[in-house]
Chemist: 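Below: one structure in structure tokens.
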2 protein chains.
Amino acid sequence: MKMTPMIESFVMHFGEMGSRWGFNRTVGQMYALLVVNQEPLSANDIAEALSISRGNVSMGLKELQSWRLVQTHHVAGDRKDYYKALGSIWDMANKVFEERRKREMDPTLSLLRDILIETPANEKEEYAQQRLSEIHELLESISQWSEELQRLSPEKLNTLMKLGSGVGKVLDMKDKFLKSS
Amino acid sequence: MKMTPMIESFVMHFGEMGSRWGFNRTVGQMYALLVVNQEPLSANDIAEALSISRGNVSMGLKELQSWRLVQTHHVAGDRKDYYKALGSIWDMANKVFEERRKREMDPTLSLLRDILIETPANEKEEYAQQRLSEIHELLESISQWSEELQRLSPEKLNTLMKLGSGVGKVLDMKDKFLKSS
DNA sequence: TTGAAGTTTCAGAAATTATTGAAAGTATAG
DNA sequence: CTATACTTTCAATAATTTCTGAAACTTCAA
């Protein structure tokens with residue numbers, strides 16, 4: 001399992017970016033490696049290709065599985081587990097958005113809800129609650145919206161994205177034709 | 001500058017989340033503190049409220065300024081600098097999305113472009129390039145789309161978000177009435 | 001100028017996070 | 001069962017990131 005320079009540069013880059021996307025370097029590398037390989041790889045293949053310890057691979061796979069970004073794959077008559085990246089790019093993007101929503105927004109939403117039911121003790125707190133409720137409303141909208149977008153088919157999502165700034169026009173149109181909805 | 005328990009719990013939580021949002025704990029705390037305070041605060045106020053060193057505050061403010069999430073504020077006859085969080089919640093959300101796009105997507109897009117102009121050396125690389133070009137296309141769409149959404153007015157964005165899954169219906173409508181666009 | 005009031009920088013210390021590798025665990029073929 | 005081929009766990013260690021605080025710097029009133 002030697003990587004070609006092209007593949008290696010992608011894998012390493014993905015490792016660096018990994019930390020910005022919410023997982024650590026080796027997890028990023030492992031995932032990139034799996035995405036780019038058509039055949040499933042064993043944990044040992046991965047450890048060897050990336051020159052990292054077997055234990056680290058095991059932990060990384062566990063994390064990728066918790067993100068549901070890899071599938072295991074059994075080969076008849078072979079006791080090893082093989083791993084490959086999940087289905088299509090859209091599936092992957094979906095999972096990443098979903099996980100990030102869970103990790104980045106849900107805990108904050110829940111804290112904000114708790115704070116907002118308290119009675120403000122003084123003017124400072126009243127102002128604070130005012131701001132927090134704005135944040136809460138915004139986060140809630142974004143969170144719900146992203147859930148709804150995820151339910152859209154890839155085709156529709158693609159149409160929507162390709163629409164780009166034209167979305168403004170479509171919104172005007174909606175007002176014209178569908179006052180009721 | 002003593003925080004009330006309610007404010008403190010929000011500030012501390014925001015610190016914890018900070019790391020998931022791309023800045024460190026103290027930067028998150030500092031930002032939360034500024035959001036929740038109507039009056040601008042001096043660097044010393046911040047250091048005192050959060051019990052962190054003056055130097056740390058200075059670094060944090062520098063970072064928040066690089067994200068353009070805080071404004072400085074001068075008080076006549078006072079040599080201190082005062083800081084407050086940027087305008088509305090929408091402005092803040094915009095900045096956060098913009099920065100994250102820059103940090104999380106742009107470098108990857110640029111690497112992918114470089115890789116995709118290379119000629120694949122073998123079948124493995126051909127498969128790899130195939131997948132990378134899918135990723136590239138997707139990232140490019142998301143990136144452009146998010147830029148376009150940012151240009152929309154908060155009102156329109158809000159309408160769009162509130163539309164929720166109804167967006168599917170609007171898309172169908174668009175096909176019916178605006179075949180040309 | 002000067003010095004007081006403030007800010008920034010940065011080397012080292014502290015805290016956190018990631019990684020290794022050996023030991024413990026698990027499943028299966030015989 | 002038991003040996004074997006594999007996986008997982010986790011304590012120790014390495015690497016990285018964050019934080020402190022003293023020193024250097026800046027600005028401005030007098």
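The model shown is predicted, which means the values in this text are computed figures rather than measured ones. Order of the sequence lines sets the chain letters (A, B, ...), proteins ahead of strands, with each chain counted from 1.
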Chemist: Counting primed atoms plus P, OP1 and OP2 as sugar-phosphate and everything else as base, spell out the protein contacts along nucleotides 8-20 of chain C at 4.0 Å heavy-atom distance: B, S or - for each nucleotide, 5' to 3'.
Modeler: BBB-------SSB
Chemist: Is it true that a side-chain atom of B:Glu125 and a backbone atom of A:Ile7 form a donor plus acceptor pair closer than 3.5 Å?
Modeler: no
Chemist: Mind checking what makes side-chain hydrogen bond (donor to acceptor under 3.5 Å, both in side chains) contact with A:Ser42, not counting sequence neighbours?
Modeler: A:Asp45
Chemist: Using only atom types and a distance under 3.5 Å, with no angle test, would you say the side chain of A:Ser110 pairs donor to acceptor with the backbone of A:Asp106?
Modeler: no
Chemist: Side chains of A:Leu86 and A:Lys95: does their closest heavy-atom pair fall under 4.5 Å?
Modeler: yes
Chemist: Kindly write out the residues that satisfy side-chain hydrogen bond (donor to acceptor under 3.5 Å, both in side chains) with A:His136, not counting sequence neighbours, or none if the list is empty.
Modeler: none
Chemist: Among Ile, Leu, Val, Met, Phe, Trp and Tyr joined by side-chain contacts under 4.5 Å, find the other residues sharing a cluster with A:Tyr82 and list them by chain and number.
Modeler: A:Val75
Chemist: Can you measure B:Asn44 atom CG to C:dT7 atom P for me and round it to whole angstrom units?
Modeler: 6 Å
Chemist: A:Lys80 has an atom NZ; how far is it from atom P of C:dA27, in whole Å?
Modeler: 18 Å
Chemist: Is there a continuous path of hydrophobic side-chain contacts, each under 4.5 Å between heavy atoms, that joins B:Ile142 to B:Leu160?
Modeler: yes
Chemist: Does anyone know the first and last nucleotide of DNA chain D in reach of chain A, 5' to 3', at under 4.0 angstrom to a heavy atom?
Modeler: D:dT4 to D:dC10
Chemist: Output all residues satisfying side-chain hydrogen bond (donor to acceptor under 3.5 Å, both in side chains) with B:Arg54, sequence neighbours left out; order by chain, then residue number.
Modeler: B:Asn44
